[in-house]
J.: 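Submitted below is the structure of interest, expressed as structure tokens.
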Amino acid sequence: MRQPTNLYFMVLFLLLSLCWGQRSNPDGERPSCDRCNRQLSCNCSHGGFTRVPTVTDRALTLDLSFNNITVVTADDLKGHLRLRALSLHGNRIAVIHPSAFDSLWSLEELDLSNNQLTALNHTWFSKLGALRELNLLNNPYSCLGSPPVFQSLVRLRRLRFGGPALEELKRGDLSGVTQLEELTVHANNLTRYESGTLAYVWPLGCVTLSLHSPFLTNTSLVSAVLRDVSYPETPLILEDIHLIGNLSVQPFRESARRRIRKITFHNFRVSDEAIVNLLEVLDGVPITALIVDNVTLTGEGRWEPARRSDLKSVDEFFVRNTVVLDVFKFVSFLKLGFLLKYPRKVSLINSQVFVMPCVASQLLVSLQYLDLSDNLLTDMTLEESLCKGDSSLKDLRVLNVSGNSLKSLSAVSQLVTKLSKLTHLDISRNGYISMPAGCSWPSTLRYLNISGAKLATVTPCLPATLEVLDLSNNNLRSFTLALPALRELHLSGSKILRLPPGRLFPNLQTLTIQSNILYMFARSDLQSYSRLQDLQAGQNKFVCSCDFVSFFQSAINGGGDMHLTDGEESYTCDSPFERHGHLVGQVHPSVVECHRVLFVSVSCGVALFVGTLLTTVLWRLHAFWYLKMMWAWLRAKRSSRRRRQRRDEEGSEGLLSYDAFVSYSERDASWVENFLVPELEEPSENDGDSVNPRTPRPLTLCLHKRDFLPGHWIVDNIISAMERSRRTIFILSENFVQSDWCRYELDFSHFQLFDENAAGDAAILILLEPLSKDDIPKRFCKLRKLMSSTTYLEWPQDEERSGEFWRSLRNALRGDDEEDD
Ligand SMILES: *[C@@H]1O[C@H](CO)[C@@H](O)[C@H](O)[C@H]1NC(C)=O
Ligand SMILES: *[C@@H]1O[C@H](CO)[C@@H](O)[C@H](O)[C@H]1NC(C)=O
Ligand SMILES: *[C@@H]1O[C@H](CO)[C@@H](O)[C@H](O)[C@H]1NC(C)=O
Ligand SMILES: *[C@@H]1O[C@H](CO)[C@@H](O)[C@H](O)[C@H]1NC(C)=O
Ligand SMILES: *[C@@H]1O[C@H](CO)[C@@H](O)[C@H](O)[C@H]1NC(C)=O
Ligand SMILES: *[C@@H]1O[C@H](CO)[C@@H](O)[C@H](O)[C@H]1NC(C)=O
Ligand SMILES: *[C@@H]1O[C@H](CO)[C@@H](O)[C@H](O)[C@H]1NC(C)=O
Ligand SMILES: *[C@@H]1O[C@H](CO)[C@@H](O)[C@H](O)[C@H]1NC(C)=O
Ligand SMILES: *[C@@H]1O[C@H](CO)[C@@H](O)[C@H](O)[C@H]1NC(C)=O
């Protein structure tokens with residue numbers, strides 16, 4: 001028997017492990033990413049994914065950068081037929097299945113940079129006929145590999161490859177690549193380059209080369225590379241290079257020979273000797289732009305040997321982020337003065353310039369654009385640089401001295417006032433504290449940037465010719481100065497409370513006033529700006545009042561010429577408290593808030609109307625009477641119970657002191673006093689019936705007038721009277737029906753009837769005048785009920801029959817107790 005059992009378990013185990021195998025099938029475990037927007041752009045960046053997540057097939061762009069993906073399998077990207085851009089930048093991808101990208105027919109951009117690919121395989125790209133942009137930078141492959149990897153990328157226009165491990169480039173590596181807008185090669189450790197490898201790529205838009213160690217160790221290799229990529233129309237960018245001596249600049253002879261026009265050095269380290277030699281190499285080359293970004297000068301500025309190179313065609317000279325290692329020994333740029341004659345555009349940005357000597361600016365005769373931003377200029381050294389306002393910079397149109405240490409607006413205005421062509425002046429990020437009452441500016445000035453200072457007020461110092469004025473990031477509280485030509489006004493980052501009046505700027509098209517303390521702006525505020533098209537007023541302290549919110553929401557939705565170009569998200573409410581932080585475009589204040597007066601008056605009206613209506617209805621339905629009744633009842637019932645309790649405690653018998661309590665209306669008092677009382681309390685002989693002529697026993701009656709205890713609550717009195725009476729006589733008449741007290745009495749009697757289970761009819765009704773049941777109002781249901789259940793005595797209209805009446809009454813009153821006797 002053991003054998004089959006074992007077999008059975010084995011089969012079961014097999015089945016289970018099969019199921020398990022299916023469950024652990026990679027597809028089942030793939031995480032998913034649904035961070036796609038409406039444009040079907042899926043940003044799964046920084047998602048912590050260790051595998052390619054599942055994403056909707058309809059995605060157009062997919063950003064998987066900065067995850068921990070190590071493998072791209074054959075199925076990972078299957079079905080993404082519409083995908084245009086895929087980024088796998090910054091993962092740890094070491095393996096890509098040969099057909100991983102096969103279904104990406106529409107792919108135009110592929111970024112595989114910063115991964116762990118040790119070899120490239122042409123099969124990855126064989127189906128990517130639509131690819132325009134490919135980035136393979138910073139992977140540890142040492143060569144591009146064969147067969148040529150880019151062979152099938154017929155549409156490729158931007159190619160970036162290389163990394164710290166790239167050692168070799170061979171002819172044929174780039175076969176298939178014929179025309180590029182951009183080529184970037186990181187080849188800092190390149191040791192072997194086969195001449196002509198990059199030569200077949202033409203036309204070539206822009207080339208960026210990082211060739212750190214080849215420049216230091218194998219200049220013939222660099223020469224070969226530069227020979228292959230230098231064309232007059234191709235800007236050349238050289239990154240991460242270190243030029244030390246005569247030898248290291250010789251490769252530029254290749255570029256010079258091919259009459260290169262634009263050369264940029266980025267992350268550049270250079271010695272004095274190399275500069276001199278470079279100028280020599282470039283002698284006579286029609287270079288138009290020489291751009292040096294992020295340069296470290298290791299020398300002392302001793303450029304004496306520089307002979308006058310011919311660089312007539314240099315139009316732009318741009319230097320940014322210069323670090324002078326030995327700044328105290330540094331001589332000056334003056335030795336390169338001959339270079340200053342030609343350029344129209346000179347930028348010396350963030351380069352520790354504290355003065356440009358007047359002699360130098362005398363040389364800059366062609367200069368139209370001078371940018372000395374982010375340096376160490378002061379009012380005094382600027383005076384020297386502009387030759388006390390008499391400089392020869394007659395053609396200067398743009399002067400940028402942003403980010404220096406200037407303090408006096410009147411000084412700068414006097415210095416530039418003779419620059420008769422100056423249109424743009426950028427003096428932002430300086431230390432201006434106040435504005436003089438009047439300044440002199442060139443009449444041509446159109447653009448003035450004084451942002452990032454500490455100005456608190458504006459004065460007519462600002463010229464009326466301005467078309468663009470930037471005063472953002474100051475301490476302004478208001479702006480009230482007419483500038484009729486102004487098209488753009490920037491006032492962000494101050495302390496402004498209200499929009500400046502628009503009539504001051506009849507031509508204003510753009511107004512930025514973000515990050516102030518603006519609490520609202522109304523339609524009328526904006527209507528005063530007749531030409532405004534572009535308003536940016538986000539990040540303010542908006543009070544989300546009804547007016548503002550409704551105006552704002554109509555402004556963003558409604559057409560019109562004016563647009564809030566800084567996006568709805570920048571407009572948030574500061575107050576009221578419950579809306580703090582909410583988007584102005586998304587709050588919906590209630591009607592109550594927005595039409596308070598109307599609401600209050602309408603609701604008061606409605607309340608009044610309803611109240612009146614209710615009162616009327618209640619009055620018509622005698623609700624008040626019922627209420628009063630109920631209240632009286634409850635009280636009466638309570639006090640009666642209390643009395644009974646007391647009585648029980650005292651052990652005294654329920655004392656019945658009266659034969660009857662008489663309930664009557666005050667108006668019927670005369671009848672009661674004149675007829676009833678005498679007849680029942682002091683009966684005369686002849687009242688006895690003739691058959692049995694004994695004198696009837698006198699009865700004791702309880703009359704409220706006579707027997708109620710003064711000082712007690714009337715209802716208590718009534719109750720107690722009823723309790724102490726054997727019967728209650730109701731004298732019914734029109735008057736009775738009118739009287740409230742009588743009605744109470746009637747009702748108490750009723751309650752008494754049921755409450756005490758008193759046998760028989762404790763109530764006796766006497767109809768003083770003919771009163772049909774139907775004459776009694778409906779709400780006296782008790783009375784009506786009583787009238788139909790209890791027989792009542794009618795006071796005869798003719799006196800003859802009164803004897804009979806009294807007899808019946810007396811009989812009714814005596815009732816059972818007479819039999820008890
Ligand atoms: C995806 O989001 C990151 C920030 O998480 C951002 O840096 C990146 O630019 C975004 N990518 C796209 C394609 O929008
Ligand atoms: C990737 O994984 C490593 C450890 O395996 C971890 O230290 C790192 O934070 C992860 N990176 C991301 C972007 O998740
Ligand atoms: C490329 O992938 C194919 C198919 O897997 C393989 O046969 C070939 O060896 C790979 N080539 C390289 C250079 O890795
Ligand atoms: C490549 O060059 C860098 C310096 O740019 C160096 O630190 C690194 O060790 C080199 N790597 C290889 C793989 O040769
Ligand atoms: C310099 O590079 C060339 C071209 O790749 C090569 O032939 C030569 O051997 C290299 N020289 C040295 C010293 O590495
Ligand atoms: C630099 O080297 C070249 C040839 O390699 C030579 O013709 C030139 O005179 C040298 N220049 C200087 C300043 O040494
Ligand atoms: C500037 O260049 C140096 C090397 O010359 C480099 O270390 C630094 O990162 C560069 N800075 C920028 C902003 O590129
Ligand atoms: C002046 O330089 C600053 C900083 O480099 C720059 O932001 C600004 O746009 C420049 N101004 C002009 C008018 O070019
Ligand atoms: C004014 O200068 C600041 C700081 O240099 C700059 O950011 C801003 O763009 C300039 N404004 C205009 C309108 O160009």
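All ligand and atom numbering here is 1-based and tracks the order in the structure.
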J.: Show me, by chain and number, every protein residue that has a heavy-atom distance under 4.0 Å to ligand 6.
T.: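 Residues N246, Q250, N277, E280 each place a heavy atom under 4.0 Å from ligand 6, listed by chain and number.
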
J.: Classify the angle between the aromatic ring planes of F505 and F479 as parallel (below 30°), tilted (30 to 60°) or perpendicular (above 60°).
T.: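 Geometry flag for F479 against F505: tilted rings.
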
J.: Would you say Y193 and N218 are linked by a side-chain donor-acceptor pair, where the criterion is simply a distance under 3.5 Å?
T.: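 Result is no, nothing qualifies.
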
J.: Ion pair present between D395 and R344, side-chain N to carboxylate O less than 4.0 angstrom?
T.: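 A salt bridge is absent here (no side-chain N lies under 4.0 Å from a carboxylate O).
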
J.: Are side-chain heavy atoms of L238 and F215 found at a separation under 4.5 Å?
T.: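 In short, these two side chains touch, coming nearer than 4.5 Å.
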
J.: If the cut-off is 4.0 Å to any non-hydrogen atom of S402, which atoms of ligand 9 fall inside it?
T.: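 Those qualifying, in numeric order: 5 (O).
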
J.: I'd like to check whether N400 has a polar contact with ligand 8, where a contact means an N/O of the residue lying under 3.5 Å from an N/O of the ligand.
T.: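 Between N400 and ligand 8 (N or O atoms, distance only) the closest approach is under 3.5 Å.
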
J.: Please determine if D374 and R320 form a salt bridge, counting it only when a charged side-chain N lies under 4.0 Å from a carboxylate O.
T.: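 Between R320 and D374 there is no salt bridge, as every charged N stays at least 4.0 Å from the carboxylate O atoms.
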
J.: Can you name the side-chain contact (heavy atoms from CB on, under 4.5 Å) partners of N540, sequence neighbours left out?
T.: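 Counting only residues at least two positions away or on another chain, N540 forms a side-chain contact (heavy atoms from CB on, under 4.5 Å) with N516, L518, A537, F542.
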
J.: Looking at R429, which atoms of ligand 8 are within less than 4.0 Å of one of its heavy atoms?
T.: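 Matching atoms, with element in brackets: 4 (C).
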
J.: So is S373 polar-close to ligand 8, meaning N/O to N/O under 3.5 Å?
T.: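 Checking ligand 8 against S373, an N or O pair does fall under 3.5 Å apart.
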
J.: Hey, which atoms in ligand 8 end up nearer than 4.0 Å to a heavy atom of Y369?
T.: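 Taking each heavy atom of Y369 in turn, ligand 8 has 14 (O) under 4.0 Å.
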
J.: So is H424 polar-close to ligand 8, meaning N/O to N/O under 3.5 Å?
T.: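 There is no such contact.
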
J.: Once ring pair (Phe, Tyr, Trp, His ring centres under 6.0 Å) is applied, do any residues pair with Y369, and if so which ones, sequence neighbours excluded?
T.: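 Here no residue qualifies.
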
J.: Run the contact test for G452 against ligand 9 with a 4.0 Å cut-off on heavy atoms, strictly below, and give the result.
T.: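 No.
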
J.: Inspect the contact between E194 and K170 and indicate whether a charged nitrogen and a carboxylate oxygen are less than 4.0 angstrom apart.
T.: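 Judged by the 4.0 Å cut-off on N to carboxylate O distance, K170 and E194 do not form a salt bridge.
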
J.: Angle class for the F552/F548 ring planes (parallel below 30°, perpendicular above 60°, tilted otherwise)?
T.: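 Rings of F552 and F548: tilted, as their planes differ by 30° to 60°.
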
J.: I want to know if ligand 9 touches E488 in the polar sense, i.e. an N/O pair below 3.5 angstrom.
T.: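 Between E488 and ligand 9, no N or O pair is found under 3.5 Å apart.
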
J.: Answer yes or no: does an N/O atom from H490 fall short of 3.5 Å to an N/O atom of ligand 9?
T.: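 Between H490 and ligand 9 (N or O atoms, distance only) the closest approach is not under 3.5 Å.
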
J.: Only pairs at least two apart or in different chains count here, so list each salt bridge (Lys or Arg N to Asp or Glu O under 4.0 Å) that has a residue in residues 234-245.
T.: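 Listed once each, the pairs would be none.
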
